[in-house]
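Read the structure below first, then the notes.
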Amino acid sequence: MSSPLYSYDTEDKVKLAHDIADSMYRFDQIAEDRIPTLQDVSEADVKKFWEQGYLVVEQALSEDEVSTSIEAIMDILSGKSQGSKVQLVKKRSELKTFEEVELAARKVHDYIDHEPRLWNIAHQEGILGVMEKLFAEKPKVVQDQAILKPPTGGAEKPWHQDMAYGNLAYDRPVIGIWIALDPAELDNGCMHVIPYSHREGGAPHYAVRDWQLCDASVHVERDVAVPLKPGGVLIFSGMLHHGTPPNFSTKRRRALQLHYAPVSAEKISPQEYKRIYTNEMTGAEC
């Protein structure tokens, strides 16, 4: 594979990215408690989820489901599958080959209404069953994304809470499921979480490197990394503090991320969203 377009193209950017990875993430605490399959999630696991804010399931998708999901994403990027949205870090007109498009793609989203293969993943019986156990109520899909970290240039996603993004600001808990399609490892941007941080409620976010928690408020000393094999998943509270460091490796890191809410959940008002998740009403600085 040739050198990716989406890369840290100056020494200063490379140094900054390494400084952020070194200061904002730790790599010596690994999530070890893992549930074999979605069907093995027990009532005790449900209780643990609400206590610590996340569960790790070793194998939620089959090999066929993983390969089919990758094929669907590649078809979206190539234009073979139409209707889904793609976020690029360069203008489409500047990208001359499929490889350039793939390496410039950061996110694919709003795909389940257009791509039946990914609709099937979002509505997989095992996933929906676990969500119903966690909510004690039928779930509904409220967001669908594929998050892509290309080799030697996949950027950090700073620490944040998913419910701090307006489209996920509901009056009931939102739960995310992050599904590894490639090996998600310590060197290519696996998920990192702060256990129990969801108990602290909604926190102001700031436009710094992204829409994020203030770096100074992140308890990096409590960071737990969650490496996953393809088909493995992290199930996490929408209030949990989580993030992913840059991908400095030569490996892809592709993942599906879906969010679910109870069917009874309703969006909160813009005023309530501002009160909880921004500093607009307090004037607090990061």
With a 4.0 Å cut-off on N to O distance, would you call Arg275 and Glu272 a salt bridge? yes
Is it the case that the side chains of Ser81 and Glu115 hold a donor-acceptor pair, with the cut-off being a distance below 3.5 Å and no angle test? yes
Exercise: identify the closest heavy-atom pair between Pro151 and Leu103: CD-CD2, 3.7 Å
Between the side chains of Glu185 and Arg253, is the shortest nitrogen-to-carboxylate-oxygen separation below 4.0 Å, so that they form an ion pair? no
Any carboxylate oxygen within less than 4.0 angstrom of a Lys/Arg side-chain nitrogen, looking at Arg106 and Asp210? yes
Tell me the salt bridge (Lys or Arg N to Asp or Glu O under 4.0 Å) pairs involving residues 167-180, sequence neighbours left out? Glu137-Arg172
My understanding is that only residues two or more places apart in sequence, or in another chain, count here; which of them pass side-chain contact (heavy atoms from CB on, under 4.5 Å) with Ile70? Val66, Met74, Leu181, Asp182, Arg254
With distance as the sole criterion, is a donor-acceptor pair present between the side chains of Asp45 and Ser42 under 3.5 Å? yes
Under a plain distance cut-off of 3.5 Å, with no hydrogens placed, do Gln257 and Gln143 share a side-chain donor-acceptor pair? no
Flag side-chain contact, heavy atom, 4.5 Å: Pro230 against Pro183: yes
Under the side-chain contact (heavy atoms from CB on, under 4.5 Å) rule, collect the residues that match up with Glu221, sequence neighbours excluded. Arg26, His219
Mind checking ring pair (Phe, Tyr, Trp, His ring centres under 6.0 Å) for Trp50 and listing every partner two or more places apart, or none if nothing turns up? none
Between Asn279 (side chain) and Glu285 (backbone), is there a donor-acceptor pair under 3.5 Å? no
Heavy-atom pair of closest approach, residues Glu51 and Tyr196: O-CD2, 2.9 Å
Aromatic contact between His241 and His160, with the criterion being ring centroids under 6.0 Å apart: yes or no? no
Looking at every heavy atom in both Gly243 and Trp159, which two are closest together, and how far apart are they? N-CE3, 3.6 Å
Tell me which pairs pass side chain to side chain donor-acceptor pair (under 3.5 Å) where either residue lies in residues 198-209, with sequence neighbours left out. Glu156-Arg209, Arg209-Asp215
What residues, two or more places apart in sequence or in another chain, satisfy side-chain contact (heavy atoms from CB on, under 4.5 Å) together with Phe27? Tyr25, Leu186, His192, Pro245
Shared hydrophobic cluster for Ile235 and Tyr260 (ILVMFWY, side-chain gaps under 4.5 Å): yes
Does Asn167 form a side chain to side chain donor-acceptor pair (under 3.5 Å) with His259? I'd like the steps, not just the answer. CA-CA 11 Å; Asn167 56 337; His259 286 94; over 6 Å; no
